[in-house]
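Structure first, commentary second.
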Amino acid sequence: MEHVEIFDTTLRDGEQVPGCKLNTSQKLRIAAQLDQLGVDVIEAGFPVSSPGDFQSVTEISKLVKNATVCGLTRAVEKDIEAAAEALKYARRPRIHTGIGTSDSHIKYKFNTTPDKILERARDAVAYAKTFVHDVEFYAEDAGRTDNEFLAQVCAVAIKAGATVLNIPDTTGYCLPDEYGAKIKYLMENVPGIHKVRISCHCHNDLGLATANAIAGVTNGARQIECTINGIGERAGNTSLEEVVMILRQHPKLNLSTNIDSKRLLSISKMVAEEMGMMVQANKAIVGENAFAHSSGIHQDGMIKNRETYEIINPTDVGVNESSIVLTARSGRSALAYRAKNIGYDFTKLDLDIVYSEFVNFADTCKVVVDNDIHHIVQMSKNKFQLSL
Ligand code: KIV
Ligand code: ZN
């Protein structure tokens, strides 16, 4: 299997989310867990942006034992100097520098020319190289950048010493086949591309961040930038837990990561709590309903064999077990299963009687819990002769 590096940017792109700002001790707690999880790179922050972020990157650099610690910069000397200073204690420091490359960035954001962008890209990488060996270059808005110009920017960055080329779909615009084709084009047209690692950094504005990252690695990229719970600017980034489990559940892709997947649920909960950002119940892998079954047809299949309705073993991602949730859509086998867990062993006749009470009760509420089952059994006993 070929290795895909997991570059976690929860503490940088994730923390940019309004209301998700973390203080240094919160960032340190999350960084320690990310290191244990097995991520290859932790993007710890944007050191020049504030004294607090500078301090966080410094402290994370001292703390992290295994992962590369990375700091973001613009293609600006003072940003690069601040990042180098904040990363000076890191065992494996990386400076992440770059500039916008799409027509709209060149024209409206910088009011400059493509040649000047090439010059600034080269200078930024070369300057960062005077501080650290490992320099990642990002071509902001690469998703909407003309492929030919993007290839020129990448070639310049490689020549200046970049070790990783980040191809962000900053606005989440690309379709998976377009993004995959962009990576393929770079693999085939940039001199020296095989000496460096291409990275996918995809945003989720159209709900395609995960699909685009996977299209990127199936076309030759070997790093995915992602966040826990998919948090990040606007609609978020590629979700770490999703890409890790996609690669794991599809061995035919022949791509693997170093992530200890059993830690995914606990780190998801920790990030949600520290950031005060709830995870939606139907979120893939870590949502509350990701392993919950509520319709009678599915529950019957699940009770017979888990694999009928689950493609992931919940324990692989740190969830103790699948749950059978009782609602008005549940059937007899789910009721019998849940009732057995709390001590009732129904005959077929008992089950018919209790089930008819159950459906009436279930119509009046959203979910039937264990206490309700006791109540339903009692009501059935009051009306009918049960053999219990
Ligand atoms: O989305 C983006 O383009 C970014 C870059 C700063 C890497 O976050
Ligand atoms: Zn981003």
Side-chain angles (χ1 to χ4, degrees), residues 5-18 20-21 39-50 53 57 68-76 79-80 82-83 94-106 108-110 117 120-121 124-125 128 134-145 149-150 153-154 157 162-174 178-179 182-183 186 196-210 212-213 216 221 223-240 242-243 275:
E5 296 215 332
I6 294 297
F7 174 116
D8 181 275
T9 182
T10 306
L11 300 178
R12 199 278 296 170
D13 215 324
E15 203 233 15
Q16 286 172 208
V17 175
C20 285
K21 195 190 153 314
V39 305
D40 300 280
V41 185
I42 297 173
E43 187 163 48
F46 184 8
V48 84
S49 65
S50 74
D53 221 31
V57 178
T68 293
V69 180
C70 176
L72 184 76
T73 81
R74 294 165 297 178
V76 170
D79 288 29
I80 295 170
R94 176 182 296 177
I95 293 179
H96 188 191
T97 190
I99 192 160
T101 54
S102 64
D103 288 347
S104 70
H105 279 232
I106 298 173
Y108 301 118
K109 194 166 144 184
F110 298 112
I117 294 288
R120 283 189 62 183
V125 173
D134 193 4
V135 175
E136 174 167 339
F137 174 78
Y138 64 86
E140 197 181 4
D141 206 13
R144 293 187 299 170
T145 300
F149 181 61
L150 187 59
V153 181
C154 290
T163 47
V164 182
L165 290 180
N166 179 9
I167 310 301
D169 183 21
T170 305
T171 57
Y173 179 70
C174 288
E178 256 177 295
Y179 188 75
K182 191 175 279 290
I183 302 298
L186 297 176
V196 303
R197 191 176 282 273
I198 296 189
S199 184
C200 310
H201 179 113
C202 299
H203 278 270
N204 206 31
D205 300 66
L206 290 171
L208 291 171
T210 294
N212 283 341
Q223 178 176 280
I224 296 178
E225 308 200 357
C226 46
T227 59
I228 302 294
N229 301 335
I231 57 164
E233 280 276 355
R234 307 180 308 280
N237 289 65
T238 300
S239 139
L240 181 149
E242 291 173 15
V243 287
M275 291 196 162

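A quick note: this is a predicted structure, and the numbers were derived from the prediction, not measured. Order of appearance sets the numbers: ligands from 1, and atoms from 1 within every ligand. Numbers for residues simply follow the sequence, beginning at 1.
- Contacts between Glu225 and ligand 1 below 4.0 angstrom, taking non-hydrogen atoms only, are absent altogether.
- Counted by atom type alone, Glu225 and Thr9 present zero donor-acceptor pairs between their side chains at under 3.5 Å.
- Ligand 1 places these atoms under 4.0 Å from at least one heavy atom of Pro168: 2 (C), 3 (O).
- In this structure, Thr101 and Phe149 have side chains that are in contact, with non-hydrogen atoms separated by less than 4.5 Å.
- Looking at Thr238 and Thr210, their side chains never bring a donor and an acceptor atom within 3.5 Å of each other.
- The side chain of Asn166, and not its backbone, has at least one atom closer than 4.0 Å to an atom of ligand 1 (non-hydrogen atoms only; side chain from C-beta on).
- The ligand atoms of ligand 1 that sit less than 4.0 angstrom from a heavy atom of Asp13 are 8 (O).
- Residue-ligand proximity, Thr170 to ligand 1, at heavy-atom distances under 4.0 Å covers atoms 1 (O), 2 (C), 3 (O).
- Residues Asn212 and His203 bring no donor and acceptor atom of their side chains to less than 3.5 Å of each other.
- Contact annotation for Glu233 and ligand 1: no heavy atom of the residue comes within less than 4.0 Å of the ligand.
- The Zn ion (ligand 2) sits nearest to atom OD2 when only the N, O or S atoms of Asp13 are considered.
- Taking a cut-off of under 4.0 Å to the non-hydrogen atoms of Glu140, the atoms of ligand 1 that pass are 3 (O).
- If you check the side chains of Thr170 and Asp141, you find no donor sitting under 3.5 Å from an acceptor.
- Of all the heavy atoms of Arg12, the ones lying under 4.0 Å from any atom of ligand 1 belong exclusively to the side chain.
- To the nearest 10 degrees, the Zn ion (ligand 2) sees NE2 of His201 and NE2 of His203 at an angle of 100°.
- Between Phe110 and His105, the angle of the ring planes lies from 30° to 60°, which puts this pair in the tilted group.
- Per-residue contacts place His203 under 4.0 angstrom from the following atoms of ligand 1 (heavy atoms of the residue considered): 1 (O).
- At the top of the distance list for atom 4 (C) of ligand 1, counting protein heavy atoms only, stands His201 NE2, 3.5 Å.
- A salt bridge links Glu140 with Lys109: at least one charged nitrogen is closer than 4.0 Å to a carboxylate oxygen.
- When each of Thr10, Asp13, Ile228, Asp8 is paired with Asn237, the side-chain contact (heavy atoms from CB on, under 4.5 Å) condition holds for Asp13 and for no other.
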